[in-house]
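Computed from heavy atoms alone, side chains included, the values below leave out hydrogens, waters and symmetry copies. Letters A, B, ... mirror the listed sequences (proteins, then strands); counts begin at 1.
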There are 2 protein chains.
Amino acid sequence: MGKAADTRLIILQKAFELIYRNGYQATSIDVIIATTQVTKGAFYYHFKSKEEMGLAIIKEVMYPGMAAAMIEPLMDGTDVPGKIYRMMEGLLLDNPFFDVRYGCPAINLIEEMSPLSQSFKSALTQLVVRWQHAIEHVLTLAQQSGTIRPDLSPRQIALFVITGYGGVRNMGKVFGQNCYKDFLAELKRYLQKLA
Amino acid sequence: MGKAADTRLIILQKAFELIYRNGYQATSIDVIIATTQVTKGAFYYHFKSKEEMGLAIIKEVMYPGMAAAMIEPLMDGTDVPGKIYRMMEGLLLDNPFFDVRYGCPAINLIEEMSPLSQSFKSALTQLVVRWQHAIEHVLTLAQQSGTIRPDLSPRQIALFVITGYGGVRNMGKVFGQNCYKDFLAELKRYLQKLA
DNA sequence: GAAAAAACATACCACATAGTATCTTTATGG
DNA sequence: CCATAAAGATACTATGTGGTATGTTTTTTC
């Protein structure tokens, strides 16, 4: 990797962490360049505005990250409710980067920026839609192979799972880690009843 | 009501709306006093800081509001799953103040401020705990009267319902009103299976 | 190895921010 | 009706903000 591409990536990653912990609007360019040791000139050479940097974070940091944690775990294996459950468990309990106090970077950004910026909203909608479609897809396959009931709506179930995730990330901020366990227990019960 | 108490209330209500739409940190004192036509001197006579105003909004505007919309609908009647469902439906579809684009004021504030301020976190935890206890309470009663299964955990179910709410408010920001309907349909299915 | 472009550095600007100091007006109790 | 305190108005400050102008250094290209 060239040195220029390297500083660009440093900015994206550090800014991602700062925004994750403090919010997009509360993260100033000045603290980003302070923590990255990158000067303002370098910053504005790589990004023409703060918004452009924010969108790059979504597309270049969050898209790949969510694919790894939210979609790949659904790929192989046949026990669909089990796969969905373990994907959720992995997200909530095993991911070493996520902190219960700060929730989920994607959910945080949706919450803060969707109403304020159409560009952010579009990029974040993409992200959620991909996840929903992945869940919906494995549910449809399970329905075709007869492991979950045919009268259920995969799209509806996928949405329900996703809303549960978004909500428990929110509740975790006030209740702490304990509510992750309770949520997972009830999610498991819910998923088992799909059969 | 005295004139002084009146301006205090005006500030709380207008600031509540502004924060609901734009977030707490993005809502400046200057725009609050501009939209309320209250001078800065008057503002700082009633609140010693922005944080004190924020906490007053939670306690004096949000507590009563949530009691009316989230707890009272659970009070009378016997069909507990039905009451929980209608409470949720009322919140999502009937409440004329809430706007799908801006989500839920309480959820927004939890998302933004819980990690940043212990005072906000405490006040907001109170709010959520009260709701959870109210739901848990009616579920326990239903369990005692035998209308829902005895092996289920009311606390766990209450948390699951609340997380669903928080999540769908989040998803509404990207998906719009449609996902409210889908969520409600799946919630109804989930609640009926508690019997 | 020099010209050209890419990458970075520094100093600055206009504006917004929360909060304060100091004043004037309005209500209230005797 | 007057003294006193409550309520409100105005001007100001220190700091932070995103962004720019204008430089210097480093890398590429021929």
Looking at [X], I'd like to know whether one of its side-chain N or O atoms comes within less than 4.0 Å of OP1 or OP2 on [N].
| X | N | value |
| --- | --- | --- |
| Thr7(A) | dC8(C) | yes |
| Tyr44(B) | dG19(C) | yes |
| Ser28(A) | dT17(D) | yes |
| His46(B) | dA6(D) | no |

When you measure only distances, ignoring hydrogens and angles, does the side chain of Lys40(B) come within 3.5 Å of the base of dG8(D) through a donor and an acceptor?
no
base_contact_polar (dG19(D) base, Lys50(A) side chain, donor-acceptor, <3.5 Å)
no
In whole angstrom, give the distance that lies between atom [atom1] of [X] and atom [atom2] of [N].
| X | N | atom1 | atom2 | value |
| --- | --- | --- | --- | --- |
| Ile33(B) | dG19(C) | CD1 | P | 13 Å |
| Glu52(B) | dG19(C) | CD | P | 10 Å |
| Phe43(A) | dT20(D) | CZ | C1' | 14 Å |
| Arg8(B) | dA6(D) | CZ | P | 16 Å |
| Gln25(B) | dT17(D) | CD | P | 11 Å |
| Asp30(B) | dT13(D) | CG | C1' | 13 Å |
| Ile29(B) | dA18(C) | CD1 | P | 5 Å |
| Ile10(A) | dA7(C) | CD1 | C1' | 16 Å |

Taking the six-membered ring of Tyr63(B), is NZ or CZ of Arg130(B) closer than 6.0 Å to its centre and within 45° of its axis?
yes
May I ask you to decide whether Asp30(B) forms a salt bridge with Lys40(B), counting only side-chain N to carboxylate O separations under 4.0 Å?
yes
Would you mind telling me which of dG8(D), dA7(C), dA9(C) lies closest to the side-chain atoms of Tyr45(A)?
dA7(C)
In terms of the angle between their ring planes, are Phe47(B) and Phe43(B) parallel, tilted or perpendicular, with boundaries placed at 30° and 60°?
tilted
Pair Tyr102(B)-Arg169(B), side-chain donor/acceptor within less than 3.5 Å:
no
Tell me yes or no: between the side chains of Tyr24(B) and Glu51(B), is some donor less than 3.5 Å from an acceptor?
no
Scan Thr39(B) against the nucleic acid and name what it touches under 4.0 Å (heavy atoms): base, sugar-phosphate only, or nothing.
base
Start at the 5' end of DNA chain D and walk down; is the nucleotide closest to Gly41(A) or to Tyr24(A) reached first?
Tyr24(A)
